[in-house]
Amino acid sequence: MPADTDRSLARIEVAGLLRLAELAADAEAELFGRNPHGCGRYAGRLLSRALCQGAALHYVNEKNGVKDFDVWSFYAQYDDWPFPARWRGTRGFGPSKFGSYPGDPPRYVGRRVDLLGRSLPAAPGADPADAIGRYLAARGLPRRRLWRPRQWY
């Protein structure tokens, strides 16, 4: 059991991953709608979504526990306009077996979901695992097989 007892040890199943993908898609649709000629151009260029950080580790080992969910969306980059690297959306997961983190503001129903995005130098339809692996390698991070478990968007 993790030292932080406020973490949920509930198993993350495919239905939970699909819920996270839906939350990310909704937040990004709002962003794109507000900026149709800027980042809104990225609508339809999604390569993949990835569960990251502690929740991703919990998905793999079922021991880490979930404090919050971090979901990254990766897009095929336009040469003249990258996806806004500083964008961060947040949502509440909603009522679920994961409960709520006691330290989060009450505006989040269920576990907090942090949503982030990046554009990658890849063509639409490119192999997402390859594009993400190259992105990590360019930053000196190891290319891990964890990027290939399955696509869930």
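These numbers come from the heavy atoms of this one structure, side chains and all, not from hydrogens, waters or symmetry mates.
Judged by distance alone, with hydrogens and angles left aside, the side-chain atoms of Asn64 form a donor-acceptor pair with the main-chain N or O of Gly54 at under 3.5 Å. Using modelled atom types, one side-chain atom of Ser119 and one backbone atom of Phe83 make a donor-acceptor pair closer than 3.5 Å. For the pair Arg45 (side chain) and Pro124 (backbone), a donor-acceptor distance under 3.5 Å is absent. Within the 3.5 Å criterion, the main-chain N or O of Ser8 finds no donor-acceptor partner in the side chain of Lys97.
Linking ILVMFWY residues whenever their side-chain heavy atoms come closer than 4.5 Å, directly or via other members, leaves Leu57 and Leu116 in distinct clusters.
Nearest heavy atoms, Leu47 versus Ala131: CD1-CB, 4.2 Å. Minimum heavy-atom separation, Tyr75 to Arg49: OH-NH1, 4.1 Å. Contact between Ala123 and Ala76 at its shortest, heavy atoms only, is C-CB, 3.7 Å. Smallest separation of non-hydrogen atoms from Arg134 and Ala122: NH2-CB, 4.4 Å. Residues His58 and Gly65 approach most closely at ND1-N, 2.9 Å, considering heavy atoms. The nearest pair of heavy atoms linking Arg111 to Ser100 is NH2-O, 3.6 Å.
Across Leu20, Asp114, Leu17, a single residue satisfies side-chain contact (heavy atoms from CB on, under 4.5 Å) together with Val71, and that is Leu20.
Side-chain contact between Phe69 and Leu23: absent, with no pair of heavy atoms (C-beta onward) separated by less than 4.5 Å. Side-chain contact between Asp80 and Arg41: present, with at least one pair of heavy atoms (C-beta onward) separated by less than 4.5 Å. Residues Glu28 and Tyr42 form no side-chain contact, since every pair of their non-hydrogen atoms from C-beta on lies 4.5 Å or further apart. Looking at heavy atoms from C-beta onward, Tyr59 lies out of side-chain contact with Val66 at the 4.5 angstrom threshold.
With values rounded to the nearest 0.5 angstrom, Trp81 atom CH2 is found 8.0 Å from Asn35 atom CG. Rounding to the nearest 0.5 angstrom, the gap separating the CG atom in Leu9 from the CZ atom in Phe98 is 11.0 Å. Distance check: Asp70 CG to Arg88 CZ gives 8.0 Å after rounding to the nearest 0.5 Å. Going from atom CD of Glu22 over to atom CZ of Arg91 covers 11.0 Å, rounded to the nearest 0.5 Å.
Using cut-offs of 30° and 60° on the angle between ring planes, the pair Phe74 and Trp72 is parallel.
Side-chain contact check for Tyr108 and Thr90: at least one donor-acceptor pair (N or O, by modelled atom type) lies under 3.5 Å.
Taking a cutoff of 4.0 Å between a charged side-chain nitrogen and a carboxylate oxygen, Lys67 and Asp6 do not qualify as a salt bridge.
Asp26 meets the salt bridge (Lys or Arg N to Asp or Glu O under 4.0 Å) test with no other residue; sequence neighbours excluded.
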Take Asp68 and Tyr101 through the test side-chain contact (heavy atoms from CB on, under 4.5 Å) and record every step on the way to the result.
CA-CA 7 Å; Asp68 64 2; Tyr101 182 71; over 6 Å; no

